[in-house]
Engineer: 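My questions all concern the structure below.
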Amino acid sequence: MSIKTKLYIAFSSVLAIIIIVGVLVLLTYNQQRDHMTSVVNENYERVKLANQLARYAQGTSREVREILLVDDSDMTRDNIAELRELASDSLDTLSDLSLADQSLIRDLTNYFHDYNDFIDNILVFVERGNGNVALEHLTSNREIRENLLLQVDELVLREETEMESAILGTEVMIHNALLIFLSLITITVIVIIGITFQLTKNINKTINKVRDVMIRVPSSSMDDLPRIEDIRQDEIGDIAVAYNTMADSLEKISKNEKELNESLLNENWIDTNFAYVTAQIQGIQDLQQFSEILLKTVAPIVSATNGVVYITNDRKVLVKGGAFAGNHSNIGQEKFYFGEGLVGQCASDNKMMNIDSLPNNYISTNSGLGVGTPTSLIICPIPFENGVIGVLELAKFEPFTTLQIQFLERVCHSIGISINSIQDHIKISELLIESQTTTEELQTQSEELQQQQEELRMINEKLHEQYKQSDEKTKELEKIRLDLEQRNRDIQLGSKYKTEFLANMSHELRTPLNSILILSQLLHENSEKNLTDTQVQHADTIYSSGKDLLNLINDILDLSKIESGKIEVFPEEVLIEDIKAFVERRFSFIAEQKGIEFTILISENAPSCIVTDDQRLKQILNNLLSNAFKFTDEGKVSLAIKEGIEGDTSKIIFTVTDTGIGITEEKQKNIFDAFYQGDGTTTRKYGGTGLGLSISKNLSKVLGGDLNVISNEGTGSTFYLYLQDYCTDTAPFITEVAATTDVEEEKLIPTNHPVKSNKSSVQSLFIKEEANRNITTKGSFDDKVVLVVDDDMRNIFALTAALEKHNMKVIFAENGKEAITTLRENSAIDIVLMDIMMPVMDGYEAMKMIRDYEEYRELPIIALTAKAMKHDKEKCIEAGASDYISKPVDMEQLLSLIKVWVYK
Ligand code: ADP
């Protein structure tokens with residue numbers, strides 16, 4: 001426990017005792033004082049009440065005497081009554097207060113009542129007029145009053161005695177409390193003195209112990225300072241611990257200082273000797289001399305008797321550089337390989353070896369006085385850069401001290417550089433001689449070089465001239481490049497105009513073609529049987545020529561789209577089975593007619609479906625197969641579909657093979673160019689435009705594939721179409737089937753081919769299916785009214801003729817505005833055929849306006865489009881067309897559409 005805590009405990013307990021005693025005395029004093037006050041107050045009250053009774057006895061006797069002697073008045077009687085009441089109250093209070101003296105109070109009450117009766121009797125006598133009797137009664141019974149007064153006195157006396165004894169008791173108690181308080185104070189003071197004495201003695205003892213140890217410090221050695229033992233857990237104990245710690249550190253510091261001094265001395269010894277050795281070997285340019293001087297200097301310093309130095313030139317063999325023996329005998333093996341013996345081992349490990357117990361006959365050293373055997377050996381590697389350049393070996397009679405080993409290490413570490421520089425010096429000297437010879441040779445060569453340089457200078461001048469010329473050419477080329485860029489822009493503009501021109505041309509060409517096809521078809525049918533066979537044949541020829549022309553227009557349109565990069569691709573899942581069905585449908589008849597065998601082969605590894613533009617794929621296959629049949633007169637044509645590898649990726653390959661005329665190697669280079677034909681002369685055997693393959697090749701690239709040919713003239717050709725992307729899911733592909741009048745589709749599939757259609761075409765499909773069912777029951781166009789809207793009278797004429805043949809009534813209008821007027825005037829119109837490109841108001845606007853009328857919301861309108869662009873058709877549907885058909889109109893298709901919509 002700390003001294004501070006001890007002092008706190010001692011003084012606080014003394015203080016506590018004083019406080020407790022003081023409080024107790026104060027409490028006792030207060031209690032006694034309260035007790036005494038209450039006793040005195042009670043006694044005084046009782047004395048006061050008793051005196052009240054005495055006053056009543058004296059007062060009544062005075063009043064009675066007044067009545068008897070002077071006057072019997074009511075006032076005197078009232079006084080008596082009042083006094084009696086007061087006395088009675090006092091008696092009641094007294095009997096309540098004096099619990100201890102109940103017998104005395106009882107007597108007093110009896111006397112009081114006797115006295116009251118006595119007074120009442122006197123008053124009765126006075127009232128009756130017997131004054132004398134009353135006086136007599138008063139005088140004879142005087143002892144009644146005396147008794148009462150005596151009893152009162154006795155009570156007063158008793159109370160006074162009680163009061164005095166209470167005061168006395170209290171004084172005694174206060175005196176006792178004071179005595180206790182004083183004796184406690186005295187005990188406390190004695191306890192304090194005792195504690196203080198004990199504490200001082202303890203502290204003194206400990207301090208003295210510490211002081212004694214500290215006094216011994218100056219006379220003690222710094223290595224062994226005295227320590228304070230038996231340490232207590234208090235402040236002086238803390239000082240003792242601090243002192244012991246200080247002594248520990250002082251001892252440590254002293255030890256460190258000694259070690260430091262020793263190491264400084266050692267270092268100093270090493271430095272001095274090292275400087276001496278360095279000075280001795282400085283400037284030596286010969287290895288043997290270097291080795292010998294090194295040994296002569298180092299050996300005496302470390303008291304070695306024998307020594308040898310080995311030096312290496314090639315880091316493989318250590319050759320003896322010099323030896324040292326006290327007796328100057330020739331010692332030491334001439335050379336060691338790295339790893340051989342202790343010397344070789346030391347060199348290859350680059351590690352010092354120190355052997356302290358050499359066998360007896362290992363080395364012998366003799367002097368004039370005797371022979372001895374050194375017992376210790378040290379072998380030090382001499383490092384240089386990352387290897388070892390030499391080894392120093394020394395032997396002596398006693399073991400090498402640590403200091404000597406450190407010194408040898410330092411020497412060996414520093415002499416590597418000197419050995420290397422001597423070796424370099426030797427090499428340089430050799431090289432110098434060599435270089436002198438070389439310099440002479442070089443001088444001769446230099447002269448030759450100067451001559452060559454002169455020649456080079458001249459070449460350089462020529463080159464400079466050429467550079468100038470080429471710079472001018474570059475500028476010219478830049479100008480040409482700019483010209484070309486301008487031309488390119490012009491060409492692009494031209495190409496744009498060309499595309500627009502072709503699109504418009506196709507429209508312009510289709511319009512007259514429309515009437516040609518319709519009318520020639522009508523003539524061919526010869527329904528009135530008034531044409532000769534030749535005339536019918538002519539009509540047929542006109543129709544088929546018109547069809548060819550239409551195909552040509554379609555091809556030109558495709559080519560212009562491809563060239564302007566406007567070709568659109570609509571990828572969808574295409575079933576291989578569907579492709580097969582299409583090809584069969586289209587070419588079996590031709591094959592039969594030409595007597596050519598036609599096979600379709602789908603290999604087992606072919607996927608069941610691919611993702612591509614169905615319509616474009618069919619267009620390519622159609623072209624390839626058309627060509628195959630066209631250029632084959634006998635033999636067979638086949639289509640094979642399989643999976644194969646092209647480049648690094650796996651692809652689906654469509655192969656069209658024929659046994660036709662074949663294509664020469666030279667022509668194979670050009671057949672994919674636009675307008676190229678194998679035989680373009682006027683006497684050619686096969687027709688064609690030379691566009692098909694060019695379009696097909698381009699389309700195959702647009703579809704992410706390619707088209708190639710392998711052919712031999714006379715034996716036939718094989719065309720390969722590679723396509724990517726198989727369907728991952730081989731489940732049957734559900735298509736939304738819709739009839740469409742898209743012209744591109746029309747070229748291949750006239751009706752009902754699978755395409756992914758928009759909502760309106762799906763809707764129209766259902767309408768058609770339902771209508772088809774109705775047609776079978778109804779089925780005639782009799783008296784149906786058709787409004788034909790077209791600005792070309794030839795078209796109106798052709799359509800009218802064709803429709804009237806089916807008993808339809810035809811009304812016509814030459815533009816959209818007229819069409820609306822005609823509609824308003826004629827309520828019987830069943831269907832409208834609306835051309836799109838018209839003056840005044842075009843078909844789109846006219847359809848929108850017609851649909852604005854409530855009554856024409858459901859009126860069937862079939863749009864006739866000529867430009868045949870996909871978005872044109874969408875625009876027709878948006879504008880309000882029920883359906884669309886492209887020009888030139890296929891009458892059969894038109895009639896079926898009319899049927900569908902009229903019977904909807
Ligand atoms: P077109 O057939 O209209 O002349 P294409 O572009 O389809 O134009 O073909 C270009 C030319 O390639 C043809 O004129 C023909 O000489 C040659 N050719 C194409 N397919 C074959 C084939 N299967 N056999 C022989 N020659 C072919």
Side-chain angles (χ1 to χ4, degrees), residues 502 506 509 544-563 567 582-583 586-591 593-601 615-641 653-703 705-722 744 747-748:
L502 285 171
S506 82
L509 288 168
S544 68
S545 310
K547 266 275 180 198
D548 287 348
L549 198 55
L550 180 63
N551 285 337
L552 179 63
I553 293 165
N554 286 335
D555 278 352
I556 292 173
L557 194 64
D558 267 349
L559 193 71
S560 74
K561 279 195 215 164
I562 287 169
E563 280 181 357
I567 194 97
F582 158 74
V583 171
R586 205 161 170 81
F587 291 99
S588 335
F589 179 68
I590 298 170
Q593 266 196 334
K594 284 192 89 175
I596 295 169
E597 191 190 334
F598 179 39
T599 53
I600 302 169
L601 206 99
Q615 179 199 324
R616 294 301 181 187
L617 169 61
K618 285 175 179 166
Q619 190 177 344
I620 298 169
L621 292 176
N622 185 55
N623 179 254
L624 295 178
L625 285 163
S626 296
N627 278 349
F629 280 106
K630 185 160 76 176
F631 294 106
T632 306
D633 290 327
E634 56 184 16
K636 64 178 211 174
V637 170
S638 66
L639 167 67
I641 305 173
I653 307 169
F654 297 82
T655 316
V656 177
T657 312
D658 65 55
T659 55
I661 59 167
I663 311 160
T664 61
E665 220 166 284
E666 204 183 321
K667 283 178 186 170
Q668 281 177 29
K669 289 176 201 156
N670 303 321
I671 53 169
F672 294 109
D673 295 342
F675 303 108
Y676 179 85
Q677 287 182 290
D679 181 2
T681 60
T682 44
T683 56
R684 64 185 182 165
K685 185 179 168 193
Y686 305 103
T689 57
L691 292 177
L693 283 182
S694 161
I695 292 171
S696 297
K697 176 104 177 166
N698 282 309
L699 284 178
S700 68
K701 289 200 167 140
V702 170
L703 295 181
D706 205 358
L707 177 65
N708 294 325
V709 66
I710 294 176
S711 177
N712 282 318
E713 203 183 3
T715 52
S717 324
T718 306
F719 284 84
Y720 297 94
L721 169 66
Y722 301 96
E744 281 107 16
K747 284 182 289 173
L748 307 163

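One-based numbering, in listed order, for ligands and for the atoms of each. This chain uses plain numbering: 1 for the first residue, then up along the sequence.
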Engineer: Considering only heavy atoms, does D658 approach ligand 1 within less than 4.0 Å through its side chain, its backbone, both, or neither?
Structural biologist: side chain
Engineer: S696 and L707: which non-hydrogen atoms are nearest, and at how many Å?
Structural biologist: CB-CD2, 3.7 Å
Engineer: Give the atoms of ligand 1, by number and element, whose distance to some non-hydrogen atom of K630 is under 4.0 Å.
Structural biologist: 1 (P), 2 (O), 3 (O)
Engineer: Only heavy atoms of S717, strictly under 4.0 Å: list the atoms of ligand 1 that pass.
Structural biologist: 22 (C), 24 (N), 25 (C)
Engineer: Taking heavy atoms and a distance under 4.0 Å, where does F719 meet ligand 1: side chain, backbone, both or neither?
Structural biologist: side chain
Engineer: Does K667 approach ligand 1 within less than 4.0 angstrom via side chain, backbone, both or neither, non-hydrogen atoms only?
Structural biologist: neither
Engineer: Identify the heavy atoms of K667 and I663 that sit nearest to each other, and give their distance.
Structural biologist: CB-CG2, 3.6 Å
Engineer: Of the non-hydrogen atoms in L617 and L703, which two are nearest, and what is the gap between them?
Structural biologist: N-CD1, 4.3 Å
Engineer: Search all heavy atoms of G716 against all heavy atoms of S711 and return the closest pair with its distance.
Structural biologist: O-OG, 3.1 Å
Engineer: Considering all heavy atoms of both residues, which atom of S700 and which atom of L721 are nearest to each other, and what is their separation?
Structural biologist: CB-CD1, 3.5 Å
Engineer: Heavy-atom distances under 4.0 Å are what count here, so tell me which part of L693 touches ligand 1: side chain, backbone, both or neither.
Structural biologist: both
Engineer: Mind telling me whether F672 and F719 have parallel, tilted or perpendicular rings, with 30° and 60° as the class edges?
Structural biologist: perpendicular
Engineer: Going by the order shown, which atoms of ligand 1 are within less than 4.0 Å of some heavy atom of G690?
Structural biologist: 1 (P), 3 (O), 4 (O), 6 (O), 8 (O)
